[in-house]
Colleague: 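Here it is, the structure in full.
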Amino acid sequence: MRMLKTIRTFTIALMISQLNNTSLVNAQSVDSTKEMTYRPAFHFAPPQNWTNDPNGLVFYNDQYHIFYQYNPEGDTWGHMSWGHATSKDMMKWEHQPVALQDYPNGNGTSTMFFSGTAVVDKNNTSGFGKKDGEIPLVAIYTAHIDSSGTGISQSQSLAYSLDGKQFTRYDKNPLIDLHTRDFRDPKVFWQEQSKQWIMIVAKPLDFKVQLYASPDLKSWSLLSEFGDKFGDKSKIWECPDIFELPVENEPGTTKWVITVSGGHPQQNGNLGMQYFIGNFDGKTFTPDILQYPLYLDYGKDFYAGIIFNNLPDNDKRKIMIGWENSWEYAATTPSKGFRGQMSVPRELSIYKNENSEYRIKSFPVREVTSYRGQLLATQNSVAVTGSKLLNSISGSMLDIEFIIKKSSAEQAGIKLLKHGENQTLVYYNKIDNTLKIDRTKSGNVGFGPKFPSIESVPMPDTNDDIAIRILVDRNNIEVFANGGKQVMTDLVFPLSEKVSYELFSTEVATTFKNINIWEMKTSME
């Protein structure tokens, strides 16, 4: 959870100047029958106001719960509290009352609820359940003491619920206090082997995470630290997670993963998520030798992702949801009535690549597929030189699949949300062997200097075809190549709902195979 003024890459003054400086706002008119609100149709967003990090992602009382950073009082950062919603399938969410709301301390400061986690205390190790069969839902969060927008201190605290909705703050908070301004974002899980709770929490300015253990969620002892000498240190480290994954093409092998939010592969002030693969013995995380940092998503708008806790016993997936936005321009995005939203849930897995290196891939969970509606187009193969309009394909809520067969063309891909000169490109670039998103002419791009951009993800140095899946949802594009081995996520703000789609190839013909395009159903309205 990013701290205003001291840690954020933008200050309050910059936020105010951007909001008031009309010269930064693209003044082109919207060519549509109604004003564009940019509210996504099948990605989670709050009913109104500001949101950022997902916090507790947990399955409890036969429902999926999402808690998230929320400002109950406006559509920019402030009064950080925990919003709350529930779902039967991680896609269609029912909004609930605010779970944990900031409060005054009586001395001119306030306590905000920064990012954290939620766990199901099945064995009532905490003792918060007072009756037989009561299973507490425990929220572990960073208590951020704020004075008029300036952070004073951060420590780890908890609150508990016996119904999944009403929370009571623990009367002996804080749990862990290092007496520092930057110590945040606890993620907790139960480790069955050692019969204890494990917490990972960030020391952002030190580029470190700490690991703690507890028998009861109340008393915690330091196990170890990780970081400092590893990974991308171009930006602070925050919002960590730790989990174990089986290696899908190496039966019987599992690896541990630590994720942190901070640096980005395009190190020019951008923010993203990196990960480390290694081993965890219950006390210390030992990373595999890395020649370079590893990143979960090469787009600009995937951050602060964490995985669900307590999925049903018959569901062995590790499912992550991240914040779709960037601190570089989050305060000025042109959405109406709200700011901030989440990615679709993504299943994470580990595979061993052609160089015998372990890597993560992520792909939309199967529940996303259940929101496919009418199949708008299907074609086995088509050769394209120049541009080819995809007939009868329109609208801004689509699930698109196709395969690019590599050719001598320097570029080949698809034009999305095309309206006049405005379009977003997703294409393979043969010159540098990358897959790219180009949103420089995607529509409204003038609200922040770092928004117009071209993102790139390296592709394997082979002649293999490239399988691509693209989710388009009004104001965002998620690209998954080769089953999720290469991923990019970008917000876009088209100026019209009257859009078209085209395949394209430069100079020579490129063959596109197995083209299937579905209209997506609305899950959020």
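Owing to the predicted nature of the structure, the values given are computational and were not obtained by experimental measurement. The first residue of the sequence shown is numbered 1, and numbering continues consecutively from there. Values below: every heavy atom of this structure, side chains too, minus hydrogens, waters and symmetry copies.
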Colleague: Among all residues two or more places apart in sequence or in another chain, which pass the ring pair (Phe, Tyr, Trp, His ring centres under 6.0 Å) test with Tyr358?
Modeller: none
Colleague: Between Asn55 and Ser115, do the side chains contain an N or O donor and an N or O acceptor separated by less than 3.5 Å?
Modeller: yes
Colleague: Can you tell if the side chain of Asn71 reaches within under 4.5 Å of the side chain of Glu73, non-hydrogen atoms only?
Modeller: yes
Colleague: Side chains of Gln96 and Lys165: does their closest heavy-atom pair fall under 4.5 Å?
Modeller: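 Counting from C-beta outward, Gln96 and Lys165 do come under 4.5 Å.
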Colleague: Does this structure show an ion pair linking Asp301 with Arg439, if we count only N-O contacts that are shorter than 4.0 Å?
Modeller: yes
Colleague: Does Arg184 pair with Asp182 as a salt bridge, N-O distance under 4.0 Å?
Modeller: yes
Colleague: What's the spacing between Arg181 CZ and His144 NE2 if we round to 0.5 Å?
Modeller: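 One gets 9.5 Å once the value is rounded to the nearest 0.5 Å.
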Colleague: Does Asp473 reach the main-chain N or O of His43 with its side chain, forming a donor-acceptor pair under 3.5 Å?
Modeller: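 Answer holds: yes.
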Colleague: Side chains of Ser362 and Glu347: is there a donor and an acceptor less than 3.5 Å apart?
Modeller: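 Ser362 vs Glu347: no donor-acceptor pair found between side chains.
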Colleague: Going by the rule side chain to side chain donor-acceptor pair (under 3.5 Å), which residues pair with Asp315 if we only count those two or more places apart in sequence or in a different chain?
Modeller: Arg317
Colleague: Shortest non-hydrogen contact from Phe451 to Asn444?
Modeller: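 That closest heavy-atom pairing would be CE2-O, 3.9 Å.
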Colleague: Please work out which of the three classes, parallel, tilted or perpendicular, describes the rings of Phe44 and His95, given edges at 30° and 60°.
Modeller: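 Tilted: the ring planes of His95 and Phe44 meet at 30° to 60°.
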Colleague: Under the rule for ring pair (Phe, Tyr, Trp, His ring centres under 6.0 Å), what residues qualify as partners of Phe302, not counting sequence neighbours?
Modeller: none
Colleague: May I ask you to decide if Thr109's main-chain N or O and Asn107's side chain share a donor-acceptor pair within less than 3.5 Å?
Modeller: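 Side chain of Asn107 to backbone of Thr109: a pair is present.
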Colleague: Can you find a heavy atom in the side chain of Phe338 that is under 4.5 Å from one in the side chain of Pro40?
Modeller: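 SC-SC contact between Phe338 and Pro40 confirmed.
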Colleague: Would you say Thr259 and Asp241 are linked by a side-chain donor-acceptor pair, where the criterion is simply a distance under 3.5 Å?
Modeller: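 Their side chains do not contain a donor-acceptor pair, so the 3.5 Å distance test is not met.
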Colleague: What orientation do Tyr64 and Phe59 show, parallel under 30°, tilted 30 to 60°, or perpendicular over 60°?
Modeller: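 Geometry flag for Phe59 against Tyr64: perpendicular rings.
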Colleague: How long is the gap from CZ on Arg474 to CD on Gln341, to the nearest 0.5 Å?
Modeller: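 Atom-to-atom, Arg474:CZ and Gln341:CD are 11.0 Å apart.
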Colleague: Give me the atom names and distance for the closest heavy-atom approach of Asp121 to Ile135.
Modeller: O-CG2, 3.6 Å
Colleague: For Ser214 and Ser219, indicate whether the former's side chain and the latter's backbone hold a donor-acceptor pair under 3.5 Å.
Modeller: yes
Colleague: Should we say atom CD of Gln166 is surrounded by more than 12 heavy atoms from elsewhere, each under 6.0 Å from it?
Modeller: no
Colleague: Distance-only, no hydrogens or angles: does the Asp297 side chain make a donor-acceptor pair with backbone N or O of Thr489 under 3.5 Å?
Modeller: yes
Colleague: How far does CZ of Arg169 sit from OH of Tyr103, to the nearest 0.5 angstrom?
Modeller: 4.0 Å
Colleague: Could you tell me whether a side-chain N or O of Gln69 sits under 3.5 Å from a main-chain N or O of Phe113, the two making a donor and an acceptor?
Modeller: yes
Colleague: Let me confirm one number: the CZ-CE distance from Phe243 to Met320, rounded to the nearest 0.5 Å.
Modeller: 4.5 Å
Colleague: Asn49 side chain to Pro72 main-chain N or O, any donor-acceptor pair under 3.5 Å?
Modeller: yes
Colleague: With side-chain hydrogen bond (donor to acceptor under 3.5 Å, both in side chains) as the rule and sequence neighbours excluded, what pairs involving residues 130-139 come up?
Modeller: none
Colleague: Tell me which donor-acceptor pairs under 3.5 Å the side chains of residues 285-292 have, and how far apart each pair is, sequence neighbours excluded?
Modeller:
residue, atom, partner, partner atom, Å
Asp288, OD1, Lys255, NZ, 3.2
Asp288, OD2, Lys255, NZ, 3.3
Tyr292, OH, Arg359, NH2, 3.2

Colleague: If you apply the rule side chain to side chain donor-acceptor pair (under 3.5 Å), what do you find for Glu244 with Thr254, and how did you get there?
Modeller: CA-CA 7 Å; Glu244 188 178 17; Thr254 64; 2.7 Å; yes
Colleague: Roughly how far, to the nearest 0.5 Å, is OG1 of Thr51 from CG of Asp75?
Modeller: 12.0 Å
Colleague: Is the NZ atom of Lys450 crowded by more than 12 outside heavy atoms at less than 6.0 Å?
Modeller: yes
Colleague: Show the nearest heavy-atom pair for residues Ile321 and Pro54, with the distance to one decimal.
Modeller: O-CG, 3.4 Å
Colleague: Check step by step if side-chain contact (heavy atoms from CB on, under 4.5 Å) holds for Ile176 and Gln210.
Modeller: CA-CA 11 Å; Ile176 310 172; Gln210 290 186 325; 5.8 Å; no
Colleague: Can a donor-acceptor pair be found, under 3.5 Å and without considering hydrogens, that links the side chain of Ser155 to the backbone of Pro174?
Modeller: no
Colleague: What is the minimum heavy-atom distance between Gln191 and Gly282, and which atoms define it?
Modeller: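 Minimum heavy-atom separation between Gln191 and Gly282: OE1-CA, 3.8 Å.
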Colleague: Taking Asn124 for its side chain and Gly129 for its backbone only, find out whether a donor-acceptor pair lies under 3.5 Å.
Modeller: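 Yes, because the side chain of Asn124 sits within donor-acceptor range (under 3.5 Å) of the backbone of Gly129.
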Colleague: Between Arg346 and Glu478, does any side-chain N to carboxylate O distance fall below 4.0 Å?
Modeller: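 Judged by the 4.0 Å cut-off on N to carboxylate O distance, Arg346 and Glu478 do form a salt bridge.
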Colleague: Identify, with sequence neighbours excluded, every residue that meets ring pair (Phe, Tyr, Trp, His ring centres under 6.0 Å) alongside His84.
Modeller: His65, Phe67
Colleague: Give a yes or no on whether the ring-centroid distance for Tyr212 and Trp220 is below 6.0 angstrom.
Modeller: no
Colleague: Between Tyr371 and Lys92, is there a cation-pi geometry (under 6.0 Å to ring centre, at most 45° from the normal)?
Modeller: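 Judged by the rule, Lys92 and Tyr371 form no cation-pi pair.
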Colleague: Within the 4.5 Å heavy-atom criterion, are Asn325 and Leu491 side-chain neighbours or not?
Modeller: yes
Colleague: Using a 4.5 Å cut-off on heavy atoms from C-beta on, say whether the side chain of Leu175 contacts that of Tyr170.
Modeller: yes
Colleague: Do you know which two heavy atoms are closest between Gly164 and Leu137, and how far apart they sit?
Modeller: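 Heavy atoms of Gly164 and Leu137 come nearest at CA-CD2, 3.9 Å.
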Colleague: Provide the closest heavy-atom pair for Trp93 versus Ser87 in the form atom of the first, atom of the second, distance.
Modeller: CE3-CB, 3.3 Å
Colleague: Is there a donor-acceptor pair closer than 3.5 Å between any side-chain N or O of Ser335 and the backbone N or O of Tyr38?
Modeller: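 No; judged by distance alone, with no hydrogens or angles, the pair does not exist.
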Colleague: Between Phe226 and Trp256, does the ring centre distance come in under 6.0 Å?
Modeller: no
Colleague: Can you tell me if Ser349 and Lys361 form a side-chain donor-acceptor pair at under 3.5 Å?
Modeller: no
Colleague: Show your reasoning for whether side chain to side chain donor-acceptor pair (under 3.5 Å) applies to Asn309 and Thr117.
Modeller: CA-CA 9 Å; Asn309 281 332; Thr117 188; 3.2 Å; yes
Colleague: Rounded at 0.5 Å granularity, tell me how far CG in Leu205 sits from CH2 in Trp237.
Modeller: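 Interatomic distance, Leu205 CG to Trp237 CH2, rounded to 0.5 Å: 13.0 Å.
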Colleague: Is it true that a side-chain atom of Tyr303 and a backbone atom of Leu271 form a donor plus acceptor pair closer than 3.5 Å?
Modeller: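 A pair under 3.5 Å: no.
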